[in-house]
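In what follows, chains carry the letters A, B, and so on, assigned in the order in which the sequence lines appear, proteins first and then strands, with residues in each chain numbered from 1. Keep in mind that this is a model prediction, so the values were computed, not measured.
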Protein chains: 2
Amino acid sequence: MRIPPGVSAENFAAAIAQFEQAVGKEWVFTSDEDMDLYKDDFSPFLGEPEERWASAAVAPTTVEEVQSIVRTANRYKVPLYPISTGRDLGYGGSAPAYSGCVVVDLKRMNRVLEVNEDNASCLVEPGVSYFDLYRYIEERGLKVWVDVPDPGWGSPVGNSLDRGGGYTRPQFRNHFDAHCGMEIVLPNGELMRTGMGALPGAKTWQQYKSGFGPWIDGMFSQSCYGIVTKMGFWLMPRPEAYLSASVLAGRRDDLYALVKVLNQLENGGITNGMPDLGSPLLGIMTIAEYAKSMQDLPQPPVDPELTALRDRAAAGRHEELEAYGQRKGLAYWTFDIKFYGPAKVIEAQWEYSKEQFSSIPGVRFRADPVIRLPLTPAQKLQVRWPEFGIPTLNMYSIGARSSTNPNPTHGHMWFSPIIPRDAQAVFEANEVFAAAARQFDLPVLRFSLPSCYWERAFIFIFGFPVTTDIKTNQKNRAAFYKLIETAAEHGWGEYRTAPAFQDAVMSTYSFNHHALLRFHETLKDAIDANGIMSPGRYGIWPKHLRASRDRAASGRAT
Amino acid sequence: MRIPPGVSAENFAAAIAQFEQAVGKEWVFTSDEDMDLYKDDFSPFLGEPEERWASAAVAPTTVEEVQSIVRTANRYKVPLYPISTGRDLGYGGSAPAYSGCVVVDLKRMNRVLEVNEDNASCLVEPGVSYFDLYRYIEERGLKVWVDVPDPGWGSPVGNSLDRGGGYTRPQFRNHFDAHCGMEIVLPNGELMRTGMGALPGAKTWQQYKSGFGPWIDGMFSQSCYGIVTKMGFWLMPRPEAYLSASVLAGRRDDLYALVKVLNQLENGGITNGMPDLGSPLLGIMTIAEYAKSMQDLPQPPVDPELTALRDRAAAGRHEELEAYGQRKGLAYWTFDIKFYGPAKVIEAQWEYSKEQFSSIPGVRFRADPVIRLPLTPAQKLQVRWPEFGIPTLNMYSIGARSSTNPNPTHGHMWFSPIIPRDAQAVFEANEVFAAAARQFDLPVLRFSLPSCYWERAFIFIFGFPVTTDIKTNQKNRAAFYKLIETAAEHGWGEYRTAPAFQDAVMSTYSFNHHALLRFHETLKDAIDANGIMSPGRYGIWPKHLRASRDRAASGRAT
């Protein structure tokens with residue numbers, strides 16, 4: 001049994017005993033074998049001293065048990081690290097940001113407390129997974145959809161608090177934005193409800209978000225300020241139909257108009273699913289194509305001429321690639337856009353979208369047949385599930401062995417900067433990241449495309465491999481740190497990252513001598529006097545550990 | 001010159017001198033005549049000792065001046081009360097929550113810093129009014145709309161921070177939800193930017209909302225935690241067309257299905273303007289009809305038979321009223337629904353909406369012609385402006401003398417509880433509020449209808465008259481306090497209120513011994529050690545004034 005730093009063996013034993021009293025002996029874990037399960041499966045520190053470890057884990061079933069755990073933690077100054085359920089692979093897993101924390105594993109708090117079909121909302125506990133909620137709704141035949149992320153083993157509470165995203169309409173695929181009302185155990189053990197939930201017997205806890213007075217919900221996302229024990233969400237009424245269609249454009253510079261028109265359509269509410277950009281000519285798959293490729297079907301060989309032209313395009317000579325595309329009927333860009341709604345409405349939306357994209361010379365269109373919902377069992381086997389609110393784990397073979405990937409990696413870490421929603425930013429970011437890759441001796445991608453999980457902004461998502469070789473991991477980490485700095489120099493910041501990089505990313509959000517971080521530290525000291533709640537998460541350290549934060553920051557290039 | 005309580009004359013004079021040094025002598029106001037302008041024009045305490053007063057006002061033009069003012073205030077423990085521009089009539093005006101505050105009047109910080117047409121966003125200072133922003137956009141011919149409230153003299157910053165609402169698509173008419181990025185002068189004078197703005201040189205400050213780490217923006221709405229000096233908003237791309245249509249139903253109990261279908265359509269994104277409910281049979285105007293009635297056109301006399309039937313319906317006997325409606329072709333309910341988008345799309349949406357409402361026996365439909373946008377000058381004279389993103393002051397003759405209102409009031413105070421989005425809640429709230437009105441000797445309304453400013457929830461908005469008679473005001477205030485309690489007993493809470501009632505409303509958000517308020521107080525003490533920022537706003541008092549809060553609460557029935 002390992003003990004949290006700064007806690008005496010006696011005190012830790014006393015804390016464990018009180019945890020056992022609170023939740024039952026069988027739900028407190030301290031053996032090395034059990035603790036291995038709380039490590040980050042994709043840790044970039046695999047086998048190194050910095051690899052995060054938990055001293056124990058405790059799995060409560062009730063709010064009162066959570067409160068009891070938090071009070072005990074305060075009594076003995078034992079740091080806690082709450083997790084919900086799922087894996088969070090690539091963003092840190094279930095390992096604490098600060099080694100030695102006791103993981104508060106909320107997986108047993110898995111009750112769906114309410115699904116309101118008429119007003120399309122739900123109230124759930126943190127251990128409810130997307131699978132659980134989907135099953136609950138399906139079993140009752142309720143006409144509401146949950147927006148699900150890749151993959152579905154996570155929980156609506158955990159995923160939204162980490163600001164995860166999905167695939168349906170913008171206000172639902174931004175999972176945190178879709179929330180309405182929270183219940184939180186504060187670091188002092190007190191129970192608080194936000195929004196209308198602060199009014200006892202409130203009838204609109206899941207109907208009106210911001211309640212009365214300052215609206216504090218956002219504080220508890222990507223946060224070290226409390227343990228969320230209940231959370232409400234707005235759901236999407238099951239649409240009548242779905243349409244997926246593609247816009248195909250032939251020239252590199254068509255991306256300018258493509259993005260501009262897409263933004264107008266999406267901001268105008270005319271397309272409403274997640275747009276998905278690909279480039280057949282550059283050999284870059286859309287997310288949907290990538291997901292399909294996971295089925296490990298044999299891939300057609302690439303024409304060597306095309307490979308050569310791609311290299312020349314990457315070096316700035318794209319005319320020949322365009323001409324090749326013209327000859328072979330291959331598009332430079334494909335933009336898949338999706339529509340949820342009544343069949344006649346989405347048909348009209350697609351018609352209008354085509355008119356708007358027609359300003360692009362030579363643009364072509366392709367549309368799948370409109371799918372009436374709900375899906376039949378046969379249809380379910382033919383579609384990509386997340387677009388239909390169905391949780392799945394299909395995507396989680398990322399990096400696994402396949403015909404196209406004979407050398408699987410151990411895992412990956414996501415580098416995810418937000419960049420502007422315009423083509424210029426896409427081209428600029430490609431230049432900057434290609435130069436950085438050369439500089440940091442990383443594999444240079446010919447071109448990368450952003451994703452559209454968030455309305456209004458693009459996000460680049462690069463998967464850095466995690467290996468079992470320490471030297472390789474060290475090199476990749478160093479490059480990751482450098483990329484964070486490079487991105488920041490260009491005004492691009494990450495929206496989320498694994499604990500290994502949270503200090504580094506937070507340090508780029510440095511306006512006015514880190515005013516935001518200093519504000520967070522002021523809040524932290526006020527709310528969590530003993531600094532027991534998720535120390536270090538998202539770069540916010542309690543007072544007694546701030547020196548370690550500074551050490552970590554100064555040591556980050558090593 | 002009046003001096004803030006607890007501040008010596010010398011210290012106050014020194015503070016005033018420093019304010020003058022910061023912003024120039026001509027922008028610091030202390031005369032009684034000037035201070036009268038910062039009183040609440042609609043104060044329910046008119047001529048009573050509780051009437052809120054400001055000791056001085058100071059009007060900076062730059063962020064540095066705001067910081068200087070805040071530092072001076074800390075030096076001399078002078079309380080501040082920032083306001084943007086506009087009047088906030090009915091919710092407290094520009095008078096401070098705590099008498100003696102120096103009003104920080106931000107009206108001169110009126111720069112539109114950016115409007116991005118391609119991605120439909122803007123960045124503005126707090127003194128920019130809806131008129132200013134509209135004019136800026138019109139002068140440049142930009143194809144974006146600002147969602148405007150009634151009336152347009154307020155500012156996007158101030159209105160959104162007070163959580164005001166408007167009339168277009170749900171994500172824009174919730175003005176706070178439409179914001180993206182803030183700059184704030186904290187109570188200690190430090191400057192902080194939130195969201196991506198915390199990253200120096202950020203390219204996506206107005207494109208991605210929540211930045212990295214805990215998202216704190218909400219804390220600064222309805223708040224005493226800082227002075228917002230810049231704020232970004234997402235704008236609505238100018239739609240191609242607009243359609244306003246009505247659903248008419250004949251029976252009282254049709255409201256159940258009407259609301260249920262409306263919710264499905266609105267939550268499904270199929271209708272997207274603000275739904276507007278009225279009842280010709282009960283004599284209750286929609287908001288649009290009410291606005292039209294402000295033009296003071298002669299009103300047709302009401303059939304005395306109808307009046308009698310309305311009274312009987314109010315007493316529970318609605319069948320005869322329904323029969324009368326049947327005979328005269330008058331609907332029990334009219335639900336106006338609105339559509340913004342491409343003409344062919346909104347026509348399809350209206351077709352689909354009609355199909356859905358057709359489940360209601362005998363339902364009828366009426367649609368105005370589709371209006372192509374932008375409006376022609378001639379069309380501009382025929383439409384209600386806020387639905388078209390055009391600011392106006394037309395609504396601000398509420399309570400004024402007219403042919404239907406020969407006895408104008410001095411003003412009004414809004415009582416605005418949030419109730420569930422279902423017909424049952426509408427009927428129940430009417431019973432409860434009618435009983436309360438009888439009990440508290442208020443005019444009993446036959447029936448009241450909720451508004452749909454917010455998606456997912458209803459809001460009741462009652463205008464209590466403010467008069468020049470102290471006894472009447474006292475009676476109305478006492479009734480207002482009682483209504484807050486009555487509403488809370490039924491699980492309905494106010495979303496906003498004037499300072500006179502902020503302690504009372506906050507005290508109803510009392511879950512777990514006022515855990516939320518105590519959390520706010522913890523934040524307040526940490527962020528604002530000297531308690532100089534907007535003391536008492538939304539019921540949050542700094543440590544040294546909490547006793548007054550308790551006094552105010554205990555004295556509230558008087």
Legend entry - Per-residue contact mode, Glu455(B) against chain A (heavy atom under 4.5 angstrom): both
Inset, instruction - Could you tell me which of Thr522(B), Leu191(B), Asn272(B) has the largest number of non-hydrogen atom pairs under 4.5 Å with chain A? - result: Leu191(B)
Inset, instruction - Among the options Ala343(B), Gly269(B), Cys180(B), pick out the one with the most heavy-atom pairs lying under 4.5 Å from chain A. - result: Gly269(B)
Legend entry - Short N-O contact, Glu521(A) and Lys524(A), less than 4.0 angstrom: no
Inset, instruction - Check each atom of Trp205(A) against the heavy atoms of chain B and say whether the ones under 4.5 Å are side chain, backbone, both or neither. - result: neither
Inset, instruction - Please state whether the side chain, the backbone, both or neither of Glu355(B) comes within less than 4.5 Å of a heavy atom of chain A. - result: side chain
Legend entry - Pair Lys344(A) + Glu347(A): basic N to acidic O under 4.0 Å: no
Legend entry - Engaged part of Arg169(A) at the chain B interface, taking heavy atoms whose separation is under 4.5 Å: side chain
Legend entry - Worked check of side-chain contact (heavy atoms from CB on, under 4.5 Å) between Leu199(A) and Phe511(B): CA-CA 6 Å; Leu199(A) 193 134; Phe511(B) 176 79; over 6 Å; no
Legend entry - Winner by heavy-atom pair count (cut-off under 4.5 Å) against chain A, out of Leu235(B), Val505(B), Asp162(B): Val505(B)
Legend entry - Sorted by number, residues from residues 419-426 of chain A in contact with chain B (heavy atoms, under 4.5 Å): Ile419(A), Pro420(A), Arg421(A)
Inset, instruction - Go through the atoms of Tyr340(B) and report whether side chain, backbone, both or neither lie under 4.5 Å from a heavy atom of chain A. - result: neither
Inset, instruction - Locate the shortest heavy-atom distance separating Tyr208(B) from Arg163(A); write the atom from each residue and the value. - result: OH-CD, 4.4 Å
Legend entry - Best-contacting candidate, Ile184(B), Asn263(B), Ile346(B), Thr194(B), against chain A by heavy atom pairs under 4.5 angstrom: Asn263(B)
Legend entry - Salt-bridge present (Arg518(B), Glu190(A); N to O < 4.0 Å): yes
Inset, instruction - Find the one option among Ile459(B), Asp525(B), Asn267(B) whose heavy-atom pairs under 4.5 Å with chain A are most numerous. - result: Asn267(B)
Legend entry - Part of Trp492(A) lying under 4.5 Å from any heavy atom of chain B: both
Inset, instruction - Please state whether the side chain, the backbone, both or neither of Asp177(B) comes within less than 4.5 Å of a heavy atom of chain A. - result: side chain
Inset, instruction - Counting only heavy atoms closer than 4.5 Å, note whether Met236(B) contacts chain A via side chain, backbone, both or neither. - result: neither
Legend entry - Contact origin within Ile270(B) toward chain A - heavy atom pairs under 4.5 Å: side chain
Legend entry - Interchain contact, Gln171(A) with chain B, by part (heavy-atom threshold 4.5 Å): neither
Legend entry - Pro200(B), part contacting chain A, at a heavy-atom distance under 4.5 Å: both
Inset, instruction - Give, as side chain, backbone, both or neither, the part of Lys209(A) having an atom under 4.5 angstrom from any heavy atom of chain B. - result: side chain
Inset, instruction - Can you tell me which residue pairs pass the salt bridge (charged side-chain N to carboxylate O under 4.0 Å, His left out) test with a partner in residues 192-207 of chain A, sequence neighbours excluded? - result: Glu183(A)-Arg193(A)
Inset, instruction - Take Thr497(B) and Ser416(B) through the side-chain contact (heavy atoms from CB on, under 4.5 Å) test and state the conclusion after the steps. - result: CA-CA 7 Å; Thr497(B) 199; Ser416(B) 331; over 6 Å; no
Legend entry - Residue selection (most heavy-atom pairs with chain A, distance under 4.5 Å) from Gln206(B), Gln207(B), Glu266(B), Glu494(B): Gln207(B)
